[in-house]
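The structure appears below as structure tokens.
All residue numbers refer to positions in the sequence shown, counting from 1. All heavy atoms count here, side chains included; hydrogens, waters and symmetry mates do not. Here the structure is a predicted model, which is why all the values come from computation and not from measurement.
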Amino acid sequence: MYQEPVKLTSKKKIEIVLLIIAILWGFLFIANYIRYTQSKPLFLAMHVKDDSYEDGYVEEYLSFGYIYRSYNRNSIQREEFVPFWVGRENPPGKDDLPEALTGYDVPENPRRIDKFRGLIYFFDQKGDLLGTYKCINSNGDCEKAFDGKDSYDTKNKDPLTKVDPPHTLSNIHDKFAFIDDSAPQTRKYGEPNYDRTIYLYQFDTNEPKILAKFADVKESTYDIDYEISSGENNRYIVKSSDNDKWGVIKINESGSIDEVLPYEYDSISYDEDTKYYILCKEGKWVVYDLNHDENVSIESDVPIYDVWRNKNLTYYIKTGEERSNSDVIEYKAYRIDGKNFINRNNVTQMVQKGSCVFYITSDDNVLHFVDYSGGEQYKIQLAFSDMDYDYTTNPAFEIWYEKDDIINFRIYKGRSKSIDFDTVTVNIEHWEYNS
């Protein structure tokens, strides 16, 4: 006898649907939990990444009623699988910096030298000890940081003005200093893939600590009397350890650090005479006035090596482009608005002094002197044009003495150190300043 099937009530239907949803949710939960234990993203989850933290970021995968959360911060490093109502942990931010070593013996340092028995010493101008530093990444091989360089190294391409040896950076506010605590490595500084570690260190004996970490640091100014370099108005050119780009920071007496220029430049240098910065970003070079927050020069596709002003307060820039497959640089000079000043081929050396610019052309081995009207006022025949030298060789010439508008040159007759030289004196006192 046919029996009509029992019809499900609405309540029963809802219960069955809920049961199916619960079973599917259970399978999904188990699958996602297994993926969580394997540190894999969840199925059917919305991904959220919050990088608003100063010391890292947090990733979340939001699924049905639960969250897989991954903490990637210096202050907290872990994963969790929690119900949706459990909020994030949010401990105070923590810098990814090592702890300064303390509790070591400090030997007497009667000669007050910077490095003594494996420690770095910091003294004030009276000679009183302010603090010490014990190396963290090397076995006594750390040192007070010296003036670094970028890949262009424009300051050291000119034999007449290059810094050799590099200058040591001075104490800051008698509280802080840059320390080079690079790990030992087979490469030398300046070679590809050398990894430099610079710490900004507070050497206060009551609370010594590392304030920041950088990949490099450059000087802005140099005090020839004390033979130390420093930043301009406590502003320093530093290279970020995160993206290997250069920026400018200001170090306050409190120990706080202000970002003056962001870490986005391939090269930054500072001109002490004009108070301008020379910046390179994505292959474009400009002269920048930090005090007025504006570019003051034309944009150049080749490196800008120098900026200066004559006594008539007209500004100029010096650019230089390397010859193909050669270390030789060909220089040109322009007024800062882009008007040509010295724009000829084969200029391999260019120096600005007072009311003139003098330069070497390699095609005729002549040292030309040009005033700011553009007229050539003087020239000296050279025996050769090469300006590189070492302990066995001479440059084409040297500036041997200068006072006011008198410049005394040594003009070498040959490359060997044993070969004699002529002395030539040039008086530029009455040369034209107008451009």
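- By the 4.0 Å N-to-carboxylate-O rule, E143 lies too far from K115 to be salt-bridged with it.
- Taking the ring centroids of Y236 and F214, they lie at or beyond the 6.0 Å cut-off.
- Contact between Y53 and D50 at its shortest, heavy atoms only, is CD1-O, 3.7 Å.
- Within the cation-pi definition used here (under 6.0 Å to the ring centroid, within 45° of the axis), R196 does not qualify as a partner of F178.
- No option in M350, Q352, Q377, K353 other than K353 meets the side-chain contact (heavy atoms from CB on, under 4.5 Å) test with F358.
- Contact between R415 and F384 at its shortest, heavy atoms only, is CD-CE1, 3.3 Å.
- In terms of heavy atoms, G247 sits closest to Y263 at N-CD2, 3.6 Å.
- Side-chain contact, D422 with Y412: no donor N or O sits under 3.5 Å from an acceptor N or O.
- The environment of CD in E191 is crowded: more than 12 heavy-atom neighbours from other residues, nucleotides or ligands sit within 6.0 Å.
- Between F116 and F123, the ring centre distance reaches or exceeds 6.0 Å.
- When ring centroids are compared, Y133 and Y199 stay outside the 6.0 Å threshold.
- For N291, the CG atom is densely surrounded, since the number of other residues' heavy atoms within 6.0 Å is greater than 12.
- A tilted orientation is assigned to the rings of F81 and Y66, their planes being inclined by 30° to 60°.
- Y104 and T132 form a side-chain donor-acceptor contact under 3.5 Å, judged by distance and modelled atom types alone.
- Checking Y277 against E232 by side-chain atom types alone, a donor-acceptor pair falls below 3.5 Å.
- Ring orientation note: the planes of Y68 and Y61 are close to parallel, at an angle under 30° on the 30°/60° scale.
- Of the N and O atoms on the side chains of H173 and E253, not one donor lies less than 3.5 Å from an acceptor on the other residue.
- The number of heavy atoms from other shown groups lying within 6.0 Å of CZ (R117) does not exceed 12.
- Counting only N and O atoms by type, the side chains of D306 and Y331 include no donor and acceptor under 3.5 Å apart.
- By the neighbour-count criterion of 12 heavy atoms within 6.0 Å, atom NZ of K417 is densely surrounded, having more than that number from other residues, nucleotides or ligands.
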D124 and K126: CA distance, side-chain angles, deciding distance, salt bridge (charged side-chain N to carboxylate O under 4.0 Å, His left out) verdict | CA-CA 5 Å; D124 62 17; K126 297 178 182 178; over 6 Å; no

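- Between F341 and Y372, the ring centre distance stays below 6.0 Å.
- S254 and N252 share no donor-acceptor pair across their side chains, judged by distance under 3.5 Å alone.
- Summarising the local packing, CD of E294 is surrounded by more than 12 heavy atoms from other residues, nucleotides or ligands at distances under 6.0 Å.
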